[in-house]
Amino acid sequence: MYNLAVFGNPIEHSLSPAIHAQFAQQLAIQASYIKILAPINNFAQAAQQFIDSGGDGFNITVPFKIDAYKLATELTLNAKMAGAVNTIKVTDSQLIGENTDGLGLVNDLTQNLGLSLKDKKILILGAGGATQGIILPLLQQQPSRLMIANRTASKAEKLANDFSKYGPAYGFGLDKIKSDPVDIIINATSASLDKKMPNIAPGCAEHAICYDLMYGEQTPFMNWARDNHALMIADGLGMLVEQAAHSFEFWTEKRPDTQAVIKNLRG
């Protein structure tokens, strides 16, 4: 029996219990997966209580991914480069921290949407934590260029420099985006949460794959992509399920099928 959980604040909206219940049923694995509302200033104590009660692993969502990074006693390369942890596996002597966000995005793009990222021009909007968590797995797919555009150019430049040893990463301000088309645009800004659209040149969307990390509703970015003749438009629901599958495999060493779960969630 695996005792699993997800920590967040807020947490009531989380789809994770429903996703992991389907994974466990598929693989005939006995697992309990609960939602835990952690106090904003006391994640570590809440996590320790769960570990002490026999917890085998847990996910971490907003706003505790950096707290989880600090709590982990061992980190994967993904977690180190992301500077944040969304999955912890409890062993006898270690709390192993992983970040599955970028792995989930790459799986959704390549397996569910059938795209090859090799030799593609990829533009990421935003240079916050969401972007930092997806850069390494994207670069490992060998794009021709990975460009990070942010309202504050220096933040994008620093992020690109931090990852430059893993592949061709470049950072600049949103105002420097050209109208030249790119292959893939990923919206990793918080603009969709505010129902806003980053102010960028529309020409780059033409014939591009436009992907919003947000899911659950049609966002201004997705409307902008449609209006500017994007080749394909996708939200982040597939990424959510795929990153959860990586977490489940990290804990159980068994890989669930994601296609049926994505279909069920989309109704």
Side-chain angles (χ1 to χ4, degrees), residues 1-105 107 129-130 133 137 215 236-262 264-265:
M1 176 76 170
Y2 288 90
N3 291 311
L4 308 170
V6 58
F7 288 83
N9 190 331
I11 195 61
E12 194 52 44
H13 67 286
S14 176
L15 296 175
S16 293
I19 293 170
H20 286 278
Q22 290 180 68
F23 290 162
Q25 186 176 20
Q26 266 181 32
L27 296 166
I29 288 175
Q30 292 289 313
S32 165
Y33 189 108
I34 61 173
K35 293 184 278 195
I36 299 176
L37 178 70
I40 289 292
N41 297 317
N42 218 345
F43 163 76
Q45 183 178 347
Q48 192 60 53
Q49 286 175 347
F50 176 70
I51 294 164
D52 292 343
S53 72
D56 297 300
F58 50 96
N59 288 127
I60 305 95
T61 187
V62 176
F64 300 123
K65 292 184 183 183
I66 294 173
D67 297 275
Y69 179 91
K70 295 173 182 174
L71 181 69
T73 56
E74 184 180 321
L75 296 166
T76 66
L77 178 60
N78 282 323
K80 286 177 184 174
M81 294 307 298
V85 159
N86 76 341
T87 304
I88 283 182
K89 177 164 64 176
V90 181
T91 69
D92 289 339
S93 58
Q94 301 283 349
L95 298 178
I96 307 172
E98 169 69 293
N99 190 306
T100 66
D101 287 333
L103 300 170
L105 172 62
N107 267 25
Y215 60 90
L237 183 66
M239 172 182 170
L240 174 73
V241 176
E242 293 293 343
Q243 65 82 22
H246 278 286
S247 293
F248 196 86
E249 184 177 18
F250 190 61
W251 296 319
T252 67
E253 299 182 355
K254 293 190 177 180
R255 177 78 184 172
D257 173 61
T258 55
Q259 297 282 338
V261 178
I262 294 170
N264 288 342
L265 290 177

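When a residue number appears, it is its place in the shown sequence, counting from 1.
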Would a distance-only check, ignoring hydrogens and angles, find a side-chain to backbone donor-acceptor pair under 3.5 Å from K35 to P17?
no
Drop me the distance from [X]'s [atom1] to [Y]'s [atom2], to the nearest 0.5 angstrom.
{"X": "T87", "Y": "H246", "atom1": "OG1", "atom2": "NE2", "answer": "10.0 Å"}
{"X": "D101", "Y": "Q243", "atom1": "CG", "atom2": "CD", "answer": "5.5 Å"}
{"X": "R255", "Y": "F23", "atom1": "CZ", "atom2": "CZ", "answer": "7.5 Å"}
{"X": "L71", "Y": "F58", "atom1": "CG", "atom2": "CZ", "answer": "5.5 Å"}
{"X": "L4", "Y": "F248", "atom1": "CG", "atom2": "CZ", "answer": "7.0 Å"}
{"X": "L95", "Y": "I88", "atom1": "CG", "atom2": "CD1", "answer": "5.5 Å"}

Say whether N78 and T100, considering side chains only, have a donor N or O and an acceptor N or O under 3.5 Å apart.
no
Using a distance-only test with no angle check, is there a side-chain donor-acceptor pair under 3.5 angstrom linking S16 and N59?
no
So, do [X] and [Y] sit near enough that their side-chain heavy atoms are less than 4.5 Å apart?
{"X": "I40", "Y": "P63", "value": "yes"}
{"X": "T76", "Y": "N99", "value": "no"}
{"X": "F43", "Y": "I60", "value": "yes"}
{"X": "E98", "Y": "S247", "value": "no"}
{"X": "Y215", "Y": "L15", "value": "yes"}

Tell me which one of N264, I262, V6, V241 satisfies side-chain contact (heavy atoms from CB on, under 4.5 Å) with I19.
V241
If you count the non-hydrogen atoms of other residues, nucleotides and ligands that lie under 6.0 Å from [atom1] in [X], is the total more than 12?
{"X": "L265", "atom1": "CG", "answer": "yes"}
{"X": "D52", "atom1": "CG", "answer": "yes"}
{"X": "Q25", "atom1": "CD", "answer": "no"}

Shortest non-hydrogen contact from [X] to [Y]?
{"X": "I36", "Y": "A5", "answer": "CD1-CB, 3.8 Å"}
{"X": "M239", "Y": "L105", "answer": "CG-N, 3.7 Å"}
{"X": "G133", "Y": "P137", "answer": "O-CD, 4.3 Å"}
{"X": "G8", "Y": "T61", "answer": "CA-CG2, 3.7 Å"}
{"X": "S32", "Y": "M1", "answer": "CB-CE, 3.4 Å"}
{"X": "F50", "Y": "D56", "answer": "CE2-N, 4.5 Å"}

List in chain and number order the residues that pass ring-ring contact (aromatic ring centres under 6.0 Å, His included) with Y33, two or more places apart in sequence or in another chain; answer none if no residue qualifies.
H20
